[in-house]
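Some notes on the structure that comes next.
The chains referred to below are lettered A, B, ... by the order of the sequence lines, with proteins before strands, and numbering in each begins at 1.
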There are 2 protein chains.
Amino acid sequence: MKLSTRGEYGLRAMFELAQRYGQGPVSLKSISERQGISAPYLEQLIASLRKAGLVRSVRGAQGGYILGREPSEIRVGDIIRVLEGPIAPTECVSEKRGETCCTRSETCVARSVWEKVRDSISDVLDSITLADMCDEAARLQSGDAQYVCNNI
Amino acid sequence: MKLSTRGEYGLRAMFELAQRYGQGPVSLKSISERQGISAPYLEQLIASLRKAGLVRSVRGAQGGYILGREPSEIRVGDIIRVLEGPIAPTECVSEKRGETCCTRSETCVARSVWEKVRDSISDVLDSITLADMCDEAARLQSGDAQYVCNNI
DNA sequence: CCCAATCCCAACCAATTTCCTCGGAATATA
DNA sequence: TATATTCCGAGGAAATTGGTTGGGATTGGG
């Protein structure tokens, strides 16, 4: 029931880009240093995100990466789906599928459990954008610890 | 973001035991045949469930397995935690921990995302018992397809 | 009382996935 | 041109997954 480091690192990297959005390209090196992630490994993750359009790249000296669209238009779920594949606790309820994988399919009660789990995960991930995360970070940094986040 | 087959098979096996609850011990062989799961592999899973008290065993001929308590007293979350470990999308928000794993800990915004995911998964899994699953199976088998489950 | 059915246990193993590393080519800036 | 950077593909060690194998312990039935 765990994410791999792909999703974990990927979200942190995207959050980093969101926080510096509008300040020009951010180099891989600076992301990897600030987030403590191996640069060559992170490079692979960002390559996936770039192919999916969530990130744009600027090559050459002073180059780097920029979010593909506004932080408010990038949901955590978008990032996770790119890096971890379709959200699904089991194969038989994968978000992406045409094949009904298991023969029990329609009458399988376990399956309906996994559907509920899948939907609850999707709901959470799709309700949070990078902009939301930046807002929360700003609040935390301003020392406003009592503030309870209720925008979700 | 996937469960291993341990959780998947384990829930199906426990559901099988729930459906035959009160009819004496159910042999490993019959569970594995009805659910299409390798018997020796399933044996390992049931061993874990037995050590956790979710299942009782009866040795010898005509022996088998019986639920450790009433189906209504066994939540899906109980089963998944035994077979898959504590529910957590990432290590840093594991249900079981005293060690704060990552140094960013308190101010990490990504972490609060994972906490929300963890809680939503737990809520779903802990709101469904084996008895609920049996009820739903009964409805499905009675052909009452229009019925919409709203007990969760 | 023996035998077959059944659970119990520990070790082993192949395939896959994870989490990287390495080396170099392409591209842009100063 | 020298340097900073992204882009790309290959390789690889370690862990995990999803089992298998073989044998021992326990019990009901003939």
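For A/A61, the side-chain atoms get nearest to D/dA4 when compared with the rest of D/dG18, C/dT21, D/dA4. Comparing D/dT21, C/dC9, C/dC7 by their closest approach to the side chain of B/K51 singles out C/dC9.
A/E16 has a carboxylate O that lies under 4.0 Å from a charged side-chain N of A/R34, or vice versa, which qualifies the two as a salt bridge. A salt bridge is absent between B/K2 and A/E84; no separation between the charged side-chain nitrogens and carboxylate oxygens falls under 4.0 Å.
Between D/dC7 and A/Y65, a contact under 4.0 Å exists linking OP1 or OP2 to a side-chain N or O. Phosphate contact (OP1/OP2 of D/dG18, side-chain N/O of B/Y9, threshold under 4.0 Å): absent. Under 4.0 angstrom from either OP1 or OP2 of C/dC7 there lies no side-chain N or O belonging to B/S27. Distances shown here put a side-chain N or O of A/S38 below 4.0 Å from the OP1 or OP2 atom of C/dT21. Of the side-chain N and O atoms in A/R50, one or more sit less than 4.0 angstrom from OP1 or OP2 of D/dC7. In this structure, B/T5 does not reach the D/dT17 phosphate: none of its side-chain N or O atoms is under 4.0 Å from OP1 or OP2.
When each of A/Q44 and A/G64 is assigned the nucleotide of DNA chain D with its nearest heavy atom, A/G64 is the one assigned upstream, toward the 5' end. Heavy-atom distances to DNA chain D give each of B/A39 and B/E84 a nearest nucleotide, and the one nearer the 5′ end belongs to B/E84. Taking the nucleotide of DNA chain C with the nearest heavy atom to each of A/Q62 and A/Y41, the more 5' of the two is matched to A/Y41.
Nucleic acid contact for B/I46: none, since no nucleic acid atom lies under 4.0 Å from a heavy atom of the residue.
Rounded to a whole Å, the CD atom of A/E33 is 14 Å from the C1' atom of D/dA4. Between A/L83 atom CG and C/dT17 atom C1' there is a gap of 16 Å when expressed in whole angstrom units. The CG-C1' distance, from B/L49 to C/dC8, rounds to 15 Å in whole Å. Rounded to whole Å, the distance from CG on A/L42 to C1' on C/dC19 is 13 Å. A/E8 has its CD atom 14 Å from the P atom of C/dT18, to the nearest Å. Atom NZ in A/K29 sits about 17 Å away from atom P in D/dC7, given to the nearest Å. The distance from atom CG of B/L28 to atom P of D/dA25 is 20 Å, rounded to the nearest whole Å. Spacing between atom CG of A/L45 and atom C1' of C/dC19 amounts to 10 Å, rounded to whole angstrom units.
Applying the salt bridge (charged side-chain N to carboxylate O under 4.0 Å, His left out) test to residues at least two apart or on different chains, the pairs with a partner in residues 63-79 of chain A are A/R69-A/D78, A/R75-A/D78, A/R75-A/D126.
Enclosure of atom CZ in B/R56 is not indicated, since only 12 or fewer non-hydrogen atoms of other residues, nucleotides or ligands lie within 6.0 angstrom.
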Stepwise, does the side chain to side chain donor-acceptor pair (under 3.5 Å) test hold for A/Y65 with A/S27? CA-CA 6 Å; A/Y65 297 96; A/S27 76; over 6 Å; no
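Residue A/R59 places a side-chain atom within donor-acceptor reach of the base of D/dT6, judged by atom type and a 3.5 Å distance cut-off alone. Contact annotation: side chain of A/E43 to base of C/dT21, donor-acceptor pair absent below 3.5 Å.
Within the 4.5 Å cutoff, side-chain heavy atoms of B/L130 are placed close to those of B/L67.
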